[in-house]
Amino acid sequence: PSTGSGLTVEEKADLAAQAERAARLCKADLVTGMVGEFPELQGIMGGYYARAQGEPDAVADAVRDHYKPVGQGDDVPTAPVTVAVSLADKLDTLSAFFAHDMAPTGSKDPFALRRAVLGVIATIVSNDLRLPLSAAFRFARKSTGGEIERTSARHDLLDFFADRLKVQQREAGVRHDLIDAVFALGGEDDLVRLLARVKALQAFVATQEGADLLAGYKRAANILKSSGDAKGTVPREAPWTVPGGAVEDSASNGTVPKKGQSPAEVQLLNALNTAEPLAASAIEAEQFEDAMAALASLRTPIDAFFDGVMVNDPDPEKRAFRVGLLTRFRDAVCQVADFSRIEG
């Protein structure tokens, strides 16, 4: 967990050893007469037994609390050893059941996998843990002597997390379509970073600039779809100069139009040349508000482009360049989220 930052190598090794010890003991109380008679005492009795036999407090506490959180409103573990054992237990359970096609169906969830996912989400978010879920799934299976044979099993499990995340975040006022939009990017399985991106996106689309940019994206996407670019297959011109040999304007540090070229095209081109690297740099630094601000600068030029340019020009060279501009605009916006998943 993040609480481990700033610790010495020896301290980290000690925490790891305590977590391993707690993991070995955490299920031992299930075979005792007390838990057999009173199942609701699982974990609680284990903590007592561990403390009674002289285990360190961190180990006994982890044995006692590793089932947490078990429901809405339950305490979320924060102690490093407890957090490690709690996550390992739940991730091991989830990856094993999904690897064997035993995911919940409909309202049936006999192994409480939905509750396990909500527990993992709550623990990660509350402790601000930077844990890539896909890597955790793979490690969970390998650590038990197996591997998720089907790549789809990991994808199904990540989708399952996405569905539960929507439920968990609904009460916080987070829109489900925005979570979909970020998950749809692919490769985003760090829940802390994902939620930071989602919250920045939700704040952005609530502004006039965000709403207008979303409208511009949808219009561009519709034009590209009608032009046969539903999968983004239209060739992109490089280095994005105006057909006919545009020259560089040293005063504006941008591309100026040549004969027959609309100023709106060059305005959008120059705006993309500025906004794309700014947004990419901000995303890399996880400054998602700054990324949104960089993309917001495209609002005026894309509006001017739609007002002043006919994309499907009879001239094939002009048409290809304009479709390419829209492709680039769409791809720039989709650096932060898949805007096609956003409602409205």
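Here, residue 1 is the first one in the sequence, and each next residue gets the next number.
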TODO: Kindly give the heavy-atom pair with the smallest separation between Met34 and Tyr49, and that separation in Å.
DONE: CB-OH, 3.7 Å
Open item on the list: Minimum heavy-atom separation for Asp338 and Cys334, please, with both atom names.
Closed with: CA-SG, 4.2 Å
TODO: Please check if the side chain of Ser95 supplies one atom and the backbone of Leu91 the other of a donor-acceptor pair under 3.5 Å.
DONE: yes
TODO: Report the C-alpha separation of Ser134 and Asp189 in whole Å, then their side-chain angles, then the decisive distance to 0.1 Å, and conclude whether the side-chain hydrogen bond (donor to acceptor under 3.5 Å, both in side chains) test is met.
DONE: CA-CA 7 Å; Ser134 294; Asp189 59 355; 2.9 Å; yes
Task: Donor-acceptor contact present, side-chain Arg197 to main-chain Val336, <3.5 Å - done: yes
TODO: Determine, for Glu286 against Arg130, whether the closest basic-nitrogen to carboxylate-oxygen distance falls under 4.0 angstrom.
DONE: yes
TODO: Search all heavy atoms of Asp177 against all heavy atoms of Glu343 and return the closest pair with its distance.
DONE: OD2-N, 2.9 Å
Open item on the list: Rounded at 0.5 Å granularity, tell me how far CG in Leu268 sits from OG1 in Thr300.
Closed with: 11.0 Å
Open item on the list: Taking Leu278's backbone N and O only, do any of them form a donor-acceptor pair with Ser281's side chain (distance below 3.5 Å, no angle check)?
Closed with: no
TODO: Quick one: do Leu201 and Phe288 satisfy side-chain contact (heavy atoms from CB on, under 4.5 Å)? Show the steps, please.
DONE: CA-CA 8 Å; Leu201 181 61; Phe288 300 113; over 6 Å; no
Task: Test: Asp212 and Arg299 ion pair at under 4.0 Å - done: yes
Task: Exam field: side chain Asp65 to backbone Lys68, donor-acceptor pair closer than 3.5 Å - done: no
Open item on the list: Taking Leu118 as the starting point, is it possible to reach Leu131 by hopping between hydrophobic residues whose side chains are less than 4.5 Å apart?
Closed with: no
Task: Leu298 vs Phe329, side-chain contact (heavy atoms from CB on, under 4.5 Å): CA-CA, chis, key distance, verdict - done: CA-CA 8 Å; Leu298 298 174; Phe329 167 74; 4.0 Å; yes
- [ ] Please say whether more than 12 non-hydrogen atoms of neighbouring residues, nucleotides or ligands are located less than 6.0 Å from CZ in Phe97.
- [x] yes
TODO: Find out whether Phe305 and Val311 are in side-chain contact, i.e. whether some heavy atom of one side chain is under 4.5 Å from a heavy atom of the other.
DONE: yes
Open item on the list: Strictly distance-based, threshold 3.5 Å: is any side-chain N or O of Asn127 a donor or acceptor partner for the main-chain N or O of Pro77?
Closed with: yes
Open item on the list: Once rounded to the nearest 0.5 Å, what's the spacing between atom CE of Met292 and atom CD of Gln202?
Closed with: 11.0 Å
- [ ] May I ask you to decide if Ala28's main-chain N or O and Thr32's side chain share a donor-acceptor pair within less than 3.5 Å?
- [x] no
Open item on the list: Using only atom types and a distance under 3.5 Å, with no angle test, would you say the side chain of Arg170 pairs donor to acceptor with the backbone of Arg175?
Closed with: no
- [ ] Answer yes when Asp89 and Lys27 have at least one side-chain N-carboxylate O distance shorter than 4.0 Å, and no when they do not.
- [x] yes
Open item on the list: Regarding Glu55 and Arg51, does a basic nitrogen lie under 4.0 Å from an acidic carboxylate oxygen?
Closed with: no
- [ ] Tell me, with the steps shown, if Arg328 and Leu269 meet side-chain contact (heavy atoms from CB on, under 4.5 Å).
- [x] CA-CA 9 Å; Arg328 191 176 174 191; Leu269 175 60; 3.5 Å; yes
- [ ] Name all pairs fulfilling the ring-ring contact (aromatic ring centres under 6.0 Å, His included) condition that reach into residues 166-224, sequence neighbours left out, sorted by first residue then second.
- [x] Tyr217-Phe339
Task: Closest non-hydrogen atom pair, Ala264 against Val309 - done: CB-CG2, 3.9 Å
Task: Flag, side chain of Arg319 to backbone of Asp313, donor-acceptor distance under 3.5 Å - done: yes
Open item on the list: Side chains of Asp92 and Phe139, heavy atoms from C-beta outward: is any pair under 4.5 Å?
Closed with: no
Open item on the list: Are the side chains of Leu25 and Gln53 in contact, using a 4.5 Å heavy-atom criterion?
Closed with: yes
- [ ] Could you tell me whether Asp163 and Lys166 have a side-chain N and a carboxylate O separated by less than 4.0 Å?
- [x] yes
Task: Shortest non-hydrogen contact from Val76 toward Thr123 - done: CG1-CA, 3.6 Å
TODO: Enter the distance from Arg219:CZ to Leu224:CG here, rounded to the nearest 0.5 Å.
DONE: 12.5 Å
Task: Donor-acceptor contact present, side-chain Asp109 to main-chain Pro104, <3.5 Å - done: no
Task: Contact check, side chains of Leu87 and Val120, non-hydrogen atoms, under 4.5 Å - done: yes
- [ ] Decide, yes or no, whether a salt bridge links Glu265 with Lys318 under the criterion of side-chain N to carboxylate O below 4.0 Å.
- [x] no
TODO: Would you please say whether a donor-acceptor pair under 3.5 Å links the side chains of Lys12 and Thr8?
DONE: no
Open item on the list: Which heavy atom of Ser340 sits nearest to which heavy atom of Lys218, and what is that distance?
Closed with: O-NZ, 4.3 Å
TODO: Evaluate whether atom CD of Glu284 has more than 12 neighbouring non-hydrogen atoms of other residues, nucleotides or ligands under 6.0 angstrom away.
DONE: no
Open item on the list: Lys199 vs Gln169, test: side-chain contact (heavy atoms from CB on, under 4.5 Å). Steps then yes/no.
Closed with: CA-CA 11 Å; Lys199 290 173 182 177; Gln169 289 291 307; 4.2 Å; yes
TODO: Answer yes or no: is there a donor N or O on one side and an acceptor on the other, between the side chain of Asp74 and the main chain of Val70, under 3.5 Å?
DONE: yes
